[in-house]
**Student:** 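This structure is in structure tokens; I'll ask about it shortly.
Scope of the values below: all heavy atoms of this structure, side chains included, with no hydrogens, waters or symmetry mates. The structure displayed is predicted, hence computed values, not measured ones.
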Amino acid sequence: MDIRLTDSQQAFRQEVRTFIAQRLPRETRQSLRRGFGASYDQIRQWQAILHEKGWAAPHWPKQYGGAGLGEMERLIVLEENYLAPAPQPVAQNVGMLGPVLLAFGTEEQKSSLLPRLASGELFFCQGFSEPGAGSDLAGLRTAAQLDGEDYIVNGQKIWTSGAHVADWIFCLVRTSREQRKQDGISFLMIDMRTPGITVRPIRSIDGEHHLNEVFFDGVRVPRRNLVGEEGKGWSYARYLLGSERIGTAHVGLCRERLHYARELRGSRRAGHEFDRDLGLLEAEVRALEITQLRMLTSSQAGADRNTVVASVLKLKGVELQQSITLLLQRMSGPSGIEARSRGGPQSDHWAAGLGKKYLFLRAASIYGGTSEIQREIVARAVLGNT
């Protein structure tokens with residue numbers, strides 16, 4: 001199987017690389033290079049710049065804010081953003097809600113929302129997890145009861161990334177009680193300015209405010225904000241999670257971090273053990289890259305097969321992200337731990353962001369589907385349901 005990029009794809013990669021080099025704000029690149037996460041303002045600013053070329057969502061049709069490109073071109077944009085490094089477009093917009101609207105939304109929903117999702121004009125957060133219903137998502141209890149042309153929503157979501165800055169939230173809600181609990185779930189979009197919504201911050205282990213609790217108390221939502229059919233939300237959520245896992249190998253991110261490790265290796269004291277570990281990680285990232293390309297170029301590609309391969313990619317990608325950040329954290333040593341507590345991107349210590357990134361990526365084996373769930377998907381495909 002030939003998994004090399006075509007000449008046109010190579011040329012597209014160079015075009016994307018040149019564009020990013022010319023347009024990416026210097027302070028944003030420096031902050032990400034040192035291991036700090038992008039701020040929401042930086043993300044939105046960069047997404048608007050990418051949108052000028054249709055590259056915030058390059059695989060979407062042009063009439064909806066994309067560039068009408070293929071999955072390989074989408075992957076190229078994703079990787080070149082990581083390699084720069086530059087912020088990724090809002091995942092909830094482009095990788096989650098967008099694909100669901102394209103597949104199941106009304107024409108009115110697609111034409112009014114998708115261009116604004118691509119440009120970053122609207123910022124959505126995801127309301128799936130609940131207390132007692134995380135990996136067992138079908139156990140959710142947030143309810144939406146129809147009242148004329150509105151739903152009345154009551155309940156709670158948790159671990160909601162970006163809810164404190166989001167304009168809207170897309171939620172799974174229970175609209176009926178069925179014998180099979182997956183059958184009573186619907187997919188609803190809610191304006192975060194609606195009366196009855198309360199957002200409370202959750203500080204994560206890196207000391208930052210990414211996560212939130214979201215409470216709904218008699219929130220009135222127009223019925224037109226329902227995506228697809230009532231009671232079909234579980235199917236739409238499965239579709240969303242499958243779309244979200246495209247690119248979750250994060251090969252470009254791993255390669256950029258390894259490049260940074262080599263750069264630091266030249267100016268910091270590190271022994272042969274570090275060189276050995278760095279070489280092994282580089283080989284594993286290359287193997288992961290080849291597996292990802294095989295998934296995109298295989299003539300045997302299908303929904304079930306791609307779901308399994310995507311789970312493998314996420315599992316290994318998470319493992320490598322965590323291993324690489326651990327390697328960088330080891331390099332920074334005690335001084336890096338001390339520097340982490342001195343502040344954010346304004347800190348002039350070379351290791352100030354490395355510890356924060358290491359701690360943040362402890363959650364990578366949880367979000368987007370836990371590693372345990374991914375292993376179960378792979379096991380079922382290999383062993384069957386016996």
**Student:** Salt-bridge test for R17 and E79: reply yes if a basic N is under 4.0 Å from a carboxylate O, no otherwise.
**Tutor:**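 Answer for the salt bridge query: no.
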
**Student:** In terms of hydrophobic clustering (I, L, V, M, F, W, Y; side-chain heavy atoms under 4.5 Å; direct or indirect links), are V100 and F128 co-clustered?
**Tutor:**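 Yes, one cluster joins them.
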
**Student:** Are L281 and S323 close enough, and set up right, to give a side chain to side chain contact (heavy atoms under 4.5 Å, CB included), and what steps lead you there?
**Tutor:** CA-CA 8 Å; L281 287 168; S323 296; 3.8 Å; yes

**Student:** Verify, without hydrogens or angle tests, whether Q322 (side chain) and L361 (backbone) share a donor-acceptor contact under 3.5 angstrom.
**Tutor:**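 Side chain of Q322 to backbone of L361: a pair is present.
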
**Student:** Not counting sequence neighbours, list each pair that qualifies as a salt bridge (Lys or Arg N to Asp or Glu O under 4.0 Å) and has a residue in residues 358-373.
**Tutor:**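 Non-adjacent pairs meeting salt bridge (Lys or Arg N to Asp or Glu O under 4.0 Å): zero.
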
**Student:** Between W46 and N81, is there a side-chain heavy-atom distance shorter than 4.5 Å?
**Tutor:**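 A side-chain contact under 4.5 Å exists here.
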
**Student:** Does the pair D206/K357 count as a salt bridge with the N-to-O cut at 4.0 Å?
**Tutor:**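 The answer is no: the pair does not qualify as a salt bridge.
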
**Student:** Following the transitive rule for hydrophobic clusters with a side-chain heavy-atom cut-off under 4.5 Å over Ile, Leu, Val, Met, Phe, Trp and Tyr, establish whether L313 and I76 coincide in one cluster.
**Tutor:**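 Yes; I76 is reachable from L313 via cluster members.
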
**Student:** Are the side chains of Q126 and S161 in touch, meaning some heavy atoms are under 4.5 Å apart?
**Tutor:**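 With C-beta onward as the side chain, the pair stays apart.
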
**Student:** For the pair R200 (side chain) and F215 (backbone), establish whether a donor and an acceptor sit closer than 3.5 Å, ignoring hydrogens and angles.
**Tutor:**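 Not confirmed, R200 side chain does not pair with F215 backbone.
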
**Student:** Could you check whether E282 pairs with R286 (Lys NZ or Arg NE/NH1/NH2 to Asp/Glu carboxylate O, under 4.0 Å)?
**Tutor:**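 Salt bridge: no.
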
**Student:** Please report whether the ring centroid of H210 lies less than 6.0 Å from that of Y40.
**Tutor:**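 Aromatic pair excluded; centres sit 6.0 Å or further apart.
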
**Student:** Any side-chain to backbone donor/acceptor pair from N93 onto L122? Under 3.5 Å, distance only.
**Tutor:**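 Yes, the answer is positive, given that a donor and an acceptor are paired below the 3.5 Å cut-off.
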
**Student:** Compare all side-chain heavy atoms of R223 with those of D150 and state whether any distance is below 4.5 angstrom.
**Tutor:**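 No, their side chains stay 4.5 Å or more apart.
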
**Student:** Between the main-chain N or O of L320 and the side-chain N or O of E284, is there a donor-acceptor pair closer than 3.5 Å?
**Tutor:**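 No, because the side chain of E284 does not come within donor-acceptor range (under 3.5 Å) of the backbone of L320.
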
**Student:** Ignoring hydrogens and angles, tell me if any N or O in the side chain of R193 forms a donor-acceptor pair with the backbone of D167 under 3.5 Å.
**Tutor:**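 No; judged by distance alone, with no hydrogens or angles, the pair does not exist.
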
**Student:** In terms of relative ring orientation, are F187 and F170 parallel, tilted or perpendicular, with 30° and 60° separating the classes?
**Tutor:**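 Ring orientation, 0 to 90° scale: parallel.
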
**Student:** Can you tell whether the side chains of K356 and E208 come within less than 4.0 Å, N to carboxylate O?
**Tutor:**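 Between E208 and K356 there is a salt bridge, with a charged N closer than 4.0 Å to a carboxylate O.
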
**Student:** Taking it one step at a time, do W55 and F19 satisfy ring-ring contact (aromatic ring centres under 6.0 Å, His included)?
**Tutor:** CA-CA 11 Å; W55 291 347; F19 180 84; 5.3 Å; yes

**Student:** Do the side chains of S129 and K157 get nearer than 4.5 Å, heavy atoms only?
**Tutor:**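 No. Closest side-chain heavy atoms not under 4.5 Å.
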
**Student:** Is any side-chain heavy atom of E130 less than 4.5 Å from a side-chain heavy atom of T142?
**Tutor:**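 When only atoms from C-beta onward are counted, T142 and E130 do touch, with a gap below 4.5 Å.
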
**Student:** Would you say Q109's side chain and T106's backbone share a donor-acceptor pair under 3.5 angstrom?
**Tutor:**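 Yes, because the side chain of Q109 sits within donor-acceptor range (under 3.5 Å) of the backbone of T106.
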
**Student:** Let me check something: do I152 and L226 share a hydrophobic cluster, defined by ILVMFWY side-chain heavy atoms less than 4.5 Å apart, either directly or through other members?
**Tutor:**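 Not linked; separate clusters.
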
**Student:** Would you check, one step at a time, whether the test side-chain hydrogen bond (donor to acceptor under 3.5 Å, both in side chains) holds for T18 with Q14?
**Tutor:** CA-CA 6 Å; T18 300; Q14 187 57 53; 3.2 Å; yes

**Student:** What I want to find out is whether E73 reaches R13 closely enough, with some N-O distance under 4.0 Å, to be called a salt bridge.
**Tutor:**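 The answer is no: the pair does not qualify as a salt bridge.
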
**Student:** If we ignore hydrogens and angles and just use 3.5 Å, is the side chain of N212 paired with the main-chain N or O of T160 as donor and acceptor?
**Tutor:**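 Yes, N212 side chain to T160 backbone: donor-acceptor pair under 3.5 Å.
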
**Student:** For a quick check under 3.5 Å, do Y151 and E230 share a side-chain donor-acceptor pair by atom type?
**Tutor:**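 The criterion, which ignores hydrogens and geometry beyond distance, is satisfied for E230 and Y151.
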
**Student:** Determine the minimum heavy-atom distance between R174 and S176, stating which atoms define it.
**Tutor:**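 In this case the closest contact between R174 and S176 is CG-O, 3.3 Å.
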
**Student:** Answer yes or no: is there a donor N or O on one side and an acceptor on the other, between the side chain of S186 and the main chain of G231, under 3.5 Å?
**Tutor:**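 Pair found, side chain donor or acceptor close to backbone of G231.
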
**Student:** Within a strict 4.5 Å, meaning less than it, do heavy atoms of the L278 and L258 side chains meet?
**Tutor:**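 Contact flag for L278/L258 side chains = yes.
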
**Student:** Who pairs with D7 by salt bridge (charged side-chain N to carboxylate O under 4.0 Å, His left out), at least two apart in sequence or on another chain?
**Tutor:**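 D7 satisfies salt bridge (charged side-chain N to carboxylate O under 4.0 Å, His left out) with no residue once adjacent residues are dropped.
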
**Student:** Using a strict 4.0 Å threshold on nitrogen-to-oxygen distance, state whether R255 and E289 make a salt bridge.
**Tutor:**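 Yes, R255 and E289 are salt-bridged.
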
**Student:** Keeping Q374 on the side-chain end and V312 on the backbone end, is there a donor-acceptor pair under 3.5 Å?
**Tutor:**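 No, the answer is negative, given that no donor and acceptor are paired below the 3.5 Å cut-off.
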
**Student:** Any heavy-atom pair between the side chains of W234 and D183 that's under 4.5 Å?
**Tutor:**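 D183 vs W234: side chains apart.
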
**Student:** Do E108 and R224 sit within salt-bridge range, that is, some charged N less than 4.0 Å from a carboxylate O?
**Tutor:**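 Here E108 does not pair with R224 in a salt bridge, since their nearest N and O are not under 4.0 Å apart.
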
**Student:** Judged by atom type as modelled, is there a donor-acceptor pair below 3.5 Å linking the side chain of Y236 to the main-chain atoms of E229?
**Tutor:**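 Yes: the side chain of Y236 pairs with the backbone of E229.
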
**Student:** When you check the gap from the basic side-chain N to the acidic O, do R265 and D275 get nearer than 4.0 Å?
**Tutor:**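 Yes, R265 and D275 are salt-bridged.
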
**Student:** Is there side-chain contact between Q92 and L97, with at least one heavy-atom pair below 4.5 Å?
**Tutor:**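 Side chain of Q92 against side chain of L97, heavy atoms only: no contact under 4.5 Å found.
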
